[in-house]
Participant: 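Sharing a structure, written as structure tokens. Questions coming.
Just so it is clear: chains get the letters A, B, ... in the order the sequence lines come, proteins before strands, and each one is counted from 1.
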Protein chains: 2
Amino acid sequence: MSQAGYGCLMAVDRHHVLRSAAALLTRKSTATMDEVAKAAGISRATLHRHFAGRDVLVRALEALGIAECEAALDAARLDEGPARDAVRRLVREIESAAALLAFLYTENQLFEGEGQNEGWARIDDRIAALFRRGQSNGEFRIDLTPAWLTEALYGLLASGAWAVSEGRVAAKDFTYMIAELLLGGALRHPERNSEQPREES
Amino acid sequence: MSQAGYGCLMAVDRHHVLRSAAALLTRKSTATMDEVAKAAGISRATLHRHFAGRDVLVRALEALGIAECEAALDAARLDEGPARDAVRRLVREIESAAALLAFLYTENQLFEGEGQNEGWARIDDRIAALFRRGQSNGEFRIDLTPAWLTEALYGLLASGAWAVSEGRVAAKDFTYMIAELLLGGALRHPERNSEQPREES
DNA sequence: ACACAATGAGACGAGAATGTCTCAAGCGGG
DNA sequence: CCCGCTTGAGACATTCTCGTCTCATTGTGT
């Protein structure tokens, strides 16, 4: 039983369903199971065969988001080089998961008592450690706590994802705007060379 | 008919109900009308007598949020003095409405087609104009668009409100952390005197 | 004391979403 | 070719929330 071999028999693969669900729920967090099924191109019955209920689906999305986040954290090599560059790498690596993150970030408000997945605590710790490293370095200011900087990063990712999805900012500017605002803020700093508009490849 | 005279007869005042609803819906955006009523200390029947339906309640909350936002914008005197100080005044004035704003900010994602209240457009314009003024001034960097800075302010307000409500950051640091991160970013700037931790009275 | 307005409690049906079930059809492998 | 697995479509009961209704109670002003 249970699709042990990921062969060709599985016409609908969990991953494709999850991606579709993430894309839909990001835009409309109250979407029906029927809408989720239609968005994935499968029937509601099949959706239920793979995810026994809405909460199971959301938990699976949470696991996906955590996995993508940790993959981004690994790829960003947070403990190498200047902390500011690590932050830029992190934002770039996490961009593709930002919409899903935005959904989960607001959805977590609903879990209230149930206690959230411990994966988030691990991710929080790794990001906070990066900011702490930057503070020890002397790169980052010490009057903003690592916890708040982590929280602010989440907020900016969510804002950026929404702003992009509604066309208020260009998708190509996503990484640059988030990273530069988080690092440098809105103020102009004459002595820093933060004036090249895009070009971050 | 219909309580034309806002006298002493109104035992339950709309404002108290709206504040309770805002506080509850900020934490649990899918709260039931029954939960909203209990949170306000009234019965569901009475709640329905004042707000004919859930959408009416949300619209009233939206109107309240817009009103508080515009009051904060007025009180902050955005066009006086340096733009950076105007931003600090704005964050301070808007702090009391931040939780409500956070709820409405995410709720607006659901309105999809219906077109959002024009009040938000006015508020967006006023805030964006502040950032534009700072850019013309030379105070703010020009590689971050006013639209994105406005969006980022919303995101940071929401993050801050949630972080405070969950105890991840201290409520007394709310204004300082949001304003300073938005203005100065995470990087340390040796030549600027941004190192006094609190003290913003 | 009386009348009236507002509230609280609860019943009731409508509607939507969910979870489960059955049955027919498609499709690949033995 | 036939078998078995998976899917799609739909029916069905259940649950939840909503909106409306009624009725008893409270409290206030005259």
Participant: I need the NE2-P distance between A:H50 and D:dG8, as an integer number of Å.
Facilitator: 9 Å

Participant: Do A:R84 and B:L187 touch side chain to side chain, with heavy atoms closer than 4.5 Å?
Facilitator: yes

Participant: Expressed in angstrom and rounded to an integer, what is the separation of A:M33 atom CE from D:dT14 atom P?
Facilitator: 20 Å

Participant: Checking the side chain of B:T26 only, and the main-chain atoms of B:A22 only, is there a donor and an acceptor separated by less than 3.5 Å?
Facilitator: yes

Participant: Using a 4.5 Å cut-off on heavy atoms from C-beta on, say whether the side chain of A:F51 contacts that of A:L61.
Facilitator: no

Participant: For the pair made of CG in A:L57 and P in C:dT18, what is the distance, rounded to whole Å?
Facilitator: 10 Å

Participant: Find the distance B:D34:CG to C:dA9:C1' and express it as a whole number of Å.
Facilitator: 11 Å

Participant: Among the nucleotides D:dG10, C:dG10, D:dC18, which one has an atom lying closest to any side-chain atom of A:A45?
Facilitator: D:dG10

Participant: Out of the candidates A:L149, A:L157, A:T150, only one should pair with A:L153 under the side chain to side chain contact (heavy atoms under 4.5 Å, CB included) rule; please name it.
Facilitator: A:L157

Participant: If you count heavy atoms of other groups shown closer than 6.0 angstrom to CD of B:E80, is the number above 12?
Facilitator: yes

Participant: Quick one: bend of the helix from C:dA1-D:dT30 to C:dG30-D:dC1 from 5 pairs per end, to 10°?
Facilitator: 10°

Participant: I'd like to know whether B:R168 forms a salt bridge (charged side-chain N to carboxylate O under 4.0 Å, His left out) with A:E151, so could you lay out the CA-CA distance, the side-chain angles of the two residues, the decisive distance to 0.1 Å, and finally the verdict.
Facilitator: CA-CA 9 Å; B:R168 287 196 289 267; A:E151 210 67 37; 2.7 Å; yes

Participant: For the pair made of CZ in B:R44 and P in D:dT20, what is the distance, rounded to whole Å?
Facilitator: 11 Å

Participant: Is B:T32 near enough to D:dT17 that one of its side-chain N or O atoms lies under 4.0 angstrom from OP1 or OP2?
Facilitator: yes

Participant: Check whether any side-chain heavy atom of B:Y154 sits under 4.5 Å from a side-chain heavy atom of B:D124, and report yes or no.
Facilitator: yes

Participant: From CG of A:L25 over to P of C:dA17, roughly how many Å is that when rounded to an integer?
Facilitator: 14 Å

Participant: Just how far, in rounded Å, is P of D:dT17 from CD of B:E35?
Facilitator: 7 Å

Participant: May I ask you to evaluate whether A:S43 reaches the phosphate of D:dG8, defined as a side-chain N or O under 4.0 Å from OP1 or OP2?
Facilitator: yes

Participant: Heavy atoms under 4.0 Å, any strand shown: does A:R49 hit a base, just sugar-phosphate, or nothing?
Facilitator: base

Participant: How close or far is atom P of C:dG19 from atom CG of A:L47, stated in whole angstroms?
Facilitator: 10 Å

